[in-house]
Amino acid sequence: MYNIEINGEVYPIRFGFGFIREIDGMETRKSPSGANQNIGLAVAAAGLIDKNVEQLARILFIANRTEEPKISKKELEEYIESTDDLDGIFEMVTDFFTQANCTKTTMKRVQEEAEKAKKVQDALVKMANPKE
């Protein structure tokens with residue numbers, strides 16, 4: 001379990017099965033066989049890599065939902081809007097995802113895919129601008 005402090009209040013956040021069940025079901029896609037696959041955890045992990053503030057707020061809110069005390073969406077969003085260290089929050093949550101048993105495998109896979117995509121993008125830019 002991890003904690004985040006907002007306005008002097010410490011809120012526990014847990015990236016366990018309750019978190020996985022809720023966040024994973026928020027996004028689906030059709031598999032090649034036609035079955036629906038839950039991909040919400042992978043989308044959330046990609047959102048962390050992209051530093052998407054909406055995904056950050058969603059992740060923190062859901063991770064606190066099974067814990068006490070509970071944070072309100074409004075309080076969480078106001079905290080994210082007003083913080084001077086948004087990059088630090090992203091880094092902290094990314095570290096949580098990297099270390100928590102229920103999220104680390106998915107996070108590693110998404111990070112590897114993001115790195116592959118970046119290499120392809122860099123190669124395409126280099127091909128388009130060979131003099132640089």
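These numbers were taken from a predicted model, which means no experiment stands behind them. Numbering starts at 1 and runs along the sequence shown.
Interatomic distance, CG of L41 versus CD1 of I23, reported as 7.0 Å (0.5 Å rounding). Atom CD of E22 is separated from atom CD1 of I62 by 4.5 Å, given to the nearest 0.5 angstrom. For the atom pair SG of C102 and CZ of F19, the computed distance is 10.0 Å after rounding to the nearest 0.5 Å. To the nearest 0.5 Å, atom CZ of residue R21 and atom OG1 of residue T66 are 10.5 Å apart. Note that CD1 of I80 and CD of E54 are 10.5 Å apart. Values are rounded to the nearest 0.5 Å. Rounded to the nearest 0.5 angstrom, I71 CD1 and N64 CG are separated by 6.5 Å.
The shortest distance between side-chain heavy atoms of V43 and M26 does not fall below 4.5 Å. The shortest side-chain heavy-atom distance between K51 and D87 falls under the 4.5 Å cut-off. You'll find the side chain of N38 stays beyond 4.5 Å of the side chain of E27, heavy atoms only. By the 4.5 Å heavy-atom criterion applied to side chains, L48 and I59 are counted as neighbours. Side-chain contact between E78 and I6 is absent, with no heavy atoms from C-beta onward closer than 4.5 Å. Side-chain contact between I13 and N3: absent, with no pair of heavy atoms (C-beta onward) separated by less than 4.5 Å. Considering only heavy atoms from C-beta on, V93 stays 4.5 Å or farther from Y2 through its side chain. Side-chain contact between T98 and Q111 is present, with heavy atoms from C-beta onward closer than 4.5 Å.
Although no hydrogens or angles enter the test, the distance criterion places no donor-acceptor pair under 3.5 Å between the side chain of D50 and the main chain of N52. With hydrogens and angles ignored, the 3.5 Å screen pairs a side-chain donor or acceptor of K70 with a backbone N or O of R65.
Residues T83 and D85 come closest through the heavy atom pair OG1-N, 3.1 Å. Annotation for E67 and R14: closest pair OE2-NE, 3.0 Å, computed over non-hydrogen atoms. Among all heavy-atom pairs drawn from P12 and P69, the shortest one is CD-CD, 3.9 Å.
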Trace of the side chain to side chain contact (heavy atoms under 4.5 Å, CB included) decision for T106 with I20: CA-CA 11 Å; T106 299; I20 299 300; over 6 Å; no
Derivation and outcome, side chain to side chain contact (heavy atoms under 4.5 Å, CB included), residues T94 and M107: CA-CA 8 Å; T94 299; M107 186 64 177; 3.4 Å; yes
Full working for side chain to side chain contact (heavy atoms under 4.5 Å, CB included) between K116 and E113: CA-CA 5 Å; K116 286 179 194 176; E113 292 300 319; 3.4 Å; yes
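Between K118 and D122, at least one side-chain N (NZ, or NE/NH1/NH2) sits under 4.0 Å from a carboxylate O, which counts as a salt bridge. The residues E112 and R109 are annotated as not salt-bridged, no charged nitrogen and carboxylate oxygen being separated by less than 4.0 angstrom.
Of the candidates V110, I49, T103, T103 is the only one forming a side-chain contact (heavy atoms from CB on, under 4.5 Å) with F97.
With hydrogens and angles left out, the side-chain atoms of E68 and Y11 include no donor and acceptor closer than 3.5 Å.
For E5, the CD atom is densely surrounded, since the number of other residues' heavy atoms within 6.0 Å is greater than 12. The local environment of CD in E91 is sparse, with at most 12 non-hydrogen atoms from other residues, nucleotides or ligands closer than 6.0 Å.
Note on ring orientation: taking the six-membered ring where Trp is involved, the planes of F15 and F96 are tilted (angle from 30° to 60°).
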